[in-house]
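For reference, the structure is listed below as structure tokens.
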Protein chains: 2
Amino acid sequence: MQDQLKLDSFICFAVYTASHALNRVYKPLLDALGLTYPQYLAMVSLWEQDGQTVGGLGEKLFLESSTLTPLLKRLETAGYVRRERSREDERVVVVRLSEEGIRLKEKAIGIPGCIAAASGRDAVDLTRLQAEIVALREALNKSVA
Amino acid sequence: MQDQLKLDSFICFAVYTASHALNRVYKPLLDALGLTYPQYLAMVSLWEQDGQTVGGLGEKLFLESSTLTPLLKRLETAGYVRRERSREDERVVVVRLSEEGIRLKEKAIGIPGCIAAASGRDAVDLTRLQAEIVALREALNKSVA
DNA sequence: CGATAATTAATCGTGCGCGATATAAAACGT
DNA sequence: ACGTTTTATATCGCGCACGATTAATTATCG
């Protein structure tokens, strides 16, 4: 019985399927905003701090430019952001919210509450679990670095 | 300060990034077996119980046939499984491990230990966290259903 | 100053992951 | 038995996500 090659005992499988489950809860909420889930994360990051570079967003979201560049182009096509090369350093692309992108925040305000409700946990418990998962992420990232 | 539209406070963002972090830890281990992470999960499920149907695997892995069919075809091309229509019910496709697929299990035995080590937590703690994340997943799945 | 190295985005190829749809087989109702 | 409905898998289009590579710009060093 020492066979630990069981799916249901894998922390990785729990995280993997929880991630998909979250996506399914978000889907209808984000459809109303015309955003996918990764696009929503990028917008949240820009609402926190406008005018970030592609690389800066990548560091915050843990994504590569090969993922972000097409995603940001789609956000630009949707009219939520503008992408422009920095004048000081022509290598850098700065991403700025459009008026419409700024306005979108109001529509997104209620989303975290919906997710919290769907989780069936109170705020304190969610925050604790969130911190634990972040700690797991940091430990894993450290082990690869 | 009641603005809760902050990335770092999102449980979803924690899960999302933890999932990517896990993938990065798995990548080099699975490269040695010639598997991707979702392919590995399918193999684990088949090692637990051989001869599952596409639908059965989908229920266990929380994946649609649109995801599994191409994935299983790639596993078949790699020589790890065979896909054959059931004789009793021609709608059903049964997935069976090949000899090589059975042998692959030996190479995969050590992987969970590597992940546990990378997480920097002891087995008890990991199991507890795993159960909490599964509970979150179940609550979320219930809310959409 | 000029060659080289480093940095930043973008591009390309592969593999998910899903929703919508299609196709085929089985089950069902009359 | 036959048309209808349900079920199981497959197909298609789109959007991630990443590794490897490329292109352009900036920094560095002799």
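Excluded from the calculations below are hydrogen atoms, water molecules and symmetry mates; all remaining heavy atoms, backbone and side chain alike, are included.
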Worksheet, complete the sentence: Assert: residue with more 5' nearest nucleotide on DNA chain C, out of A:Arg24 and A:Arg85, is A:Arg85
Fill in: Ionic contact status for A:Lys6 with A:Asp8, cut-off 4.0 Å
no
Worksheet item: Within the structure shown, what part of the strands sits under 4.0 Å from B:Thr36 by heavy-atom distance: base, sugar-phosphate, or nothing?
Response: sugar-phosphate
Worksheet item: Can you check the A:Arg87 CZ to D:dT26 C1' distance for me, whole Å?
Response: 17 Å
Discussion item. The side chain of A:Glu90 is closest to which nucleotide in this list: C:dA9, D:dT25, C:dC16?
Written reply: D:dT25
Practice prompt. Quickly work out the A:Gln52 CD to C:dT8 P distance and round it to whole Å.
Written response: 15 Å
Worksheet item: Do B:Gln130 and A:Ser9 have side-chain N/O donor and acceptor atoms under 3.5 Å apart?
Response: no
Worksheet entry | d(CD, B:Glu84; C1', D:dT9) in whole Å | 15 Å
Worksheet, complete the sentence: Which of C:dC16, C:dA9, D:dG19 is nearest the side chain of B:Leu71? It is C:dC16
Worksheet item: Rounded to the nearest Å, what distance is computed from the CG atom of residue B:Leu72 to the P atom of nucleotide C:dG15?
Response: 14 Å
Item to complete: Measure from the side-chain heavy atoms of B:Val93 and tell me the nearest of C:dA9, D:dT9, D:dC16.
Response: D:dT9
Worksheet item: If each of B:His20 and B:Lys73 is mapped to the nucleotide of DNA chain D with the nearest heavy atom, which maps nearer the 5' terminus, i.e. the 5' end?
Response: B:Lys73
Worksheet entry | Nearest-angstrom distance from the residue atom OH of A:Tyr16 to P of D:dA17 | 13 Å
Discussion item. Does B:Arg91 contact D:dT9 through a side-chain donor or acceptor facing the base, at a distance under 3.5 Å?
Written reply: no
Item to complete: Please check if the distance between the ring centroids of A:Tyr37 and B:Tyr16 is under 6.0 Å.
Response: yes
Discussion item. Base of C:dA9, side chain of A:Thr69 - is there a donor-acceptor contact under 3.5 Å?
Written reply: no
Worksheet, complete the sentence: When rounded to whole Å, the CZ to P distance for the pair B:Arg83 and D:dT9 reads 10 Å
Discussion item. Between B:Glu90 and B:Arg85, does any NZ, NE, NH1 or NH2 come within less than 4.0 Å of an OD or OE carboxylate oxygen?
Written reply: no
Discussion item. For a quick test of reading the model: is some side-chain N or O of B:Gln39 closer than 4.0 Å to OP1 or OP2 of C:dC16?
Written reply: yes
Fill in: Basic-acidic side-chain contact under 4.0 Å: B:Glu132, B:Arg128
yes
Worksheet item: For the base of C:dA10, is there a side-chain donor-acceptor partner from A:Ser66 under 3.5 Å away?
Response: no
Practice prompt. Classify the nucleic acid contact of A:Leu63 as base, sugar-phosphate or nothing, counting any heavy atom under 4.0 Å across all strands shown.
Written response: sugar-phosphate
Discussion item. Rounded to whole Å, please give me the gap between CD in A:Glu76 and P in C:dA9.
Written reply: 14 Å
Worksheet item: Taking the nucleotide of DNA chain C with the closest heavy atom to each, which residue, A:Thr67 or A:Lys27, is nearer the 5' end?
Response: A:Thr67
Worksheet item: Over how many whole Å does the gap from A:Arg74 atom CZ to D:dG15 atom P extend?
Response: 5 Å
